[in-house]
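Beneath this line is the structure, given in structure tokens, with notes to follow.
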Amino acid sequence: MRAGAGRTNLELPDTIFPIENFRYLHDDLVCRVIILEQQESLVFVSLDLTSLQEYAIDAIKTEISSHYTVPLDHIFISVSHTFSAPHTRSIEALERSSEEIKQKNQLFLQIILAAVAGAVKKAVAIIQRVKVICHTAETDATINRDVEQEAGYWIGRNPNGFSDRKLPVLKFMTENQEILAILYSVDVQSSLVEMIDDTAVSSDFIGLASKSIEDHFDCPALFMLGAAADQIPKSASQDFQDLTKQANALGNVLIEEIKQEGSETDGPFVLDKLTVTVKGQELPDRKQLKPARDHVFIPSADRRVSIPIVTFGEVAIVMLKPEITSNIGAGIKAQSPYKTTIVATMINGGQKYMADEESYQKCTYEAMNSMFASGSAEIVREKVLAELNKRK
């Protein structure tokens, strides 16, 4: 296997502020890229953003293909899901927006594309033979957010709820025994900064954890959002100093694991796309949602979920658009025939939440704010496991 990796900051000029409710940049948003080559090429991109619209995904893929020859369906774009970053606005929202908002949206998209181009160029420049080393870290840095209240379940911190503590990590080693890049996944939504200062742009909990890893190993640490629909950081941050302390604690857990020998794996890439059709439900107006024990789920047309899956050696990377709950991701990882299985969400866009059946019985926020009917997540889990077992 050959690989290259690069990272570039999103350069936000002072003139872009204010944008949405943001007034200043607290810490840099970063684009990270890892390119893998065998007979085929794969490009993994991670951006410190909340989400990306489909037109932005298409623009990023086009930008990448102008600097590196790769099929567009071999490009996988993820976000760190920080809540403290500007959005690429939807086409519908832009149609209702002022000219200033439209111009700032276009400027922000150009900033994203410039960062992507910079990271890809750095990655291409250092492509070389690598070994892949698998690791699994464990953390108590996350917590389930579905809390029972008098009127029903709502968002909070539930120490008795399920959280997958295991963090899959891939380490790419050069022939000189240097770490070229790190790829890791955590089931967590980075949502701390908005409670400290909702006018600050920040890479938040995960972005700062990635930077601590990068500072230690001097290489890109690319994050793929895990099964984080119902997961947040374990504790709220009182201020930015406290946030940095929490992020560094997670970073240190990963650093200590990455220092270990790990388990080497090798083998040819297999990339294929699994398409699963499930029952749909009407997506409600999010602003109208509130705790309820008798929420009415309204059926709608069937929904299709496209799931690219990359396997090589003892590694499987399962990629979904919907945000699934941590127990569903953990079930895939636990029953996967591959020693290291990464279950990543919000890949190449998003499809809101896909919760487990128990969440529908409880009427959690994730179940109510979903376009997928009860049972969809379990169907997807079983289809993915069947595909992984067939490949193995």
Side-chain angles (χ1 to χ4, degrees), residues 1-6 32-46 57 60-61 64-65 67-78 116 119-120 122-136 168-175 179-185 219-226 262-276 305-321 329 332-333 335-349 380 383-392:
M1 185 184 296
R2 288 159 52 84
R32 299 170 174 92
V33 169
I34 295 176
I35 296 173
L36 301 182
E37 292 183 347
Q38 284 182 339
Q39 293 85 358
E40 298 182 292
S41 297
L42 306 174
V43 179
F44 295 91
V45 181
S46 180
I57 294 290
I60 291 169
K61 288 187 174 186
I64 291 169
S65 65
H67 302 285
Y68 179 72
T69 302
V70 59
L72 296 184
D73 61 355
H74 286 211
I75 299 172
F76 306 106
I77 303 163
S78 59
V116 169
V120 169
K122 290 178 181 179
V124 170
I126 62 167
I127 290 175
Q128 57 193 286
R129 289 179 62 85
V130 295
K131 296 187 297 185
V132 181
I133 311 297
C134 301
H135 295 265
T136 301
V169 182
L170 301 181
K171 180 171 67 182
F172 299 90
M173 300 288 296
T174 70
E175 292 182 320
I179 302 178
L180 179 83
I182 294 155
L183 189 155
Y184 75 104
S185 181
C219 71
L222 188 149
F223 170 77
M224 299 185 82
L225 181 68
S263 175
E264 183 178 352
T265 191
D266 193 14
F269 294 146
V270 177
L271 167 61
D272 207 351
K273 184 172 71 175
L274 178 66
T275 300
V276 181
V305 184
S306 295
I307 309 169
I309 301 176
V310 174
T311 54
F312 59 91
E314 287 297 329
V315 173
I317 305 176
V318 179
M319 294 174 278
L320 305 97
K321 280 188 178 183
I332 293 172
K333 288 187 277 187
Q335 297 177 62
S336 169
Y338 292 86
K339 182 177 180 181
T340 299
T341 299
I342 295 172
V343 179
T345 63
M346 293 192 73
I347 302 298
N348 291 339
V380 166
K383 294 288 187 181
V384 166
L385 287 170
E387 176 65 20
L388 293 176
N389 281 298
K390 183 175 70 174
R391 292 193 191 186
K392 192 66 170 177

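- In this structure, P168 and T340 have side chains that are in contact, with non-hydrogen atoms separated by less than 4.5 Å.
- Between R391 and E387 there is a salt bridge, since at least one side-chain N of the basic residue sits less than 4.0 Å from a carboxylate O of the acidic one.
- Between the side chain of H135 and the backbone N or O of V169, no donor-acceptor pair lies under 3.5 Å.
- Rounding to the nearest 0.5 angstrom, the gap separating the CZ atom in F44 from the CE atom in M224 is 5.5 Å.
- For S185 against V343, the heavy-atom pair with the smallest separation is OG-O, 4.1 Å.
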Candidate pair L170 and C134, rule side-chain contact (heavy atoms from CB on, under 4.5 Å), full reasoning: CA-CA 5 Å; L170 301 181; C134 301; 4.0 Å; yes
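- Taken to the nearest 0.5 Å, the CD1 atom of I35 stands 11.0 Å off from the NE2 atom of H67.
- The side-chain heavy atoms of V315 and Y338, taken from C-beta on, include no pair separated by under 4.5 Å.
- For K321, the NZ atom sits in a packed shell: over 12 heavy atoms of surrounding residues, nucleotides or ligands are nearer than 6.0 Å.
- Annotation: side chain of S78 is in contact with side chain of I347 (closest heavy-atom distance under 4.5 Å).
- Judged by distance alone, the side chain of T345 and the main-chain N or O of G226 form a donor-acceptor pair under 3.5 Å.
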Working for side-chain contact (heavy atoms from CB on, under 4.5 Å), residues T341 and K333: CA-CA 5 Å; T341 299; K333 288 187 277 187; 4.2 Å; yes
Worked verdict on V70 versus S41 for side-chain contact (heavy atoms from CB on, under 4.5 Å): CA-CA 6 Å; V70 59; S41 297; 4.2 Å; yes
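- Between A5 and A181, the shortest heavy-atom contact is CB-CB, 3.5 Å.
- Judged by distance alone, with hydrogens and angles left aside, the side-chain atoms of R32 form no donor-acceptor pair with the main-chain N or O of S46 at under 3.5 Å.
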Audit row: F312, V132, side-chain contact (heavy atoms from CB on, under 4.5 Å) steps and yes/no: CA-CA 10 Å; F312 59 91; V132 181; 4.0 Å; yes
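- Residues Y68 and V120 approach most closely at CB-CG1, 4.2 Å, considering heavy atoms.
- D266 places no side-chain N or O within 3.5 Å of a backbone atom of M1 that could act as its donor or acceptor partner.
- Residue F269 holds its CZ atom at 4.5 Å from CG of L36, rounded to the nearest 0.5 Å.
- With values rounded to the nearest 0.5 angstrom, K339 atom NZ is found 8.5 Å from T265 atom OG1.
- Minimum interatomic distance between T311 and A316 (heavy atoms only, all atoms of both residues): CG2-CB, 3.8 Å.
- In this structure, the side chains of V384 and L320 stay at 4.5 Å or more apart for every pair of heavy atoms.
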Stepwise salt bridge (Lys or Arg N to Asp or Glu O under 4.0 Å) check, R129 with E37: CA-CA 9 Å; R129 289 179 62 85; E37 292 183 347; over 6 Å; no
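- Note that CZ of F172 and CD1 of I182 are 10.0 Å apart. Values are rounded to the nearest 0.5 Å.
- Closest approach of V276 to I307, counting heavy atoms only: CG2-CD1, 4.1 Å.
- When all heavy atoms are compared, the tightest approach of P337 to N389 is CG-OD1, 3.6 Å.
- Side-chain contact between L72 and S65 is present, with heavy atoms from C-beta onward closer than 4.5 Å.
- Here the straight-line distance linking atom CD1 of I126 with atom SG of C219 works out to 9.5 Å at 0.5 Å rounding.
- Residues E264 and M173 are not in side-chain contact: their nearest non-hydrogen atoms beyond the backbone lie 4.5 Å or more apart.
- Enclosure of atom NZ in K392 by more than 12 non-hydrogen atoms of other residues, nucleotides or ligands within 6.0 angstrom is indicated.
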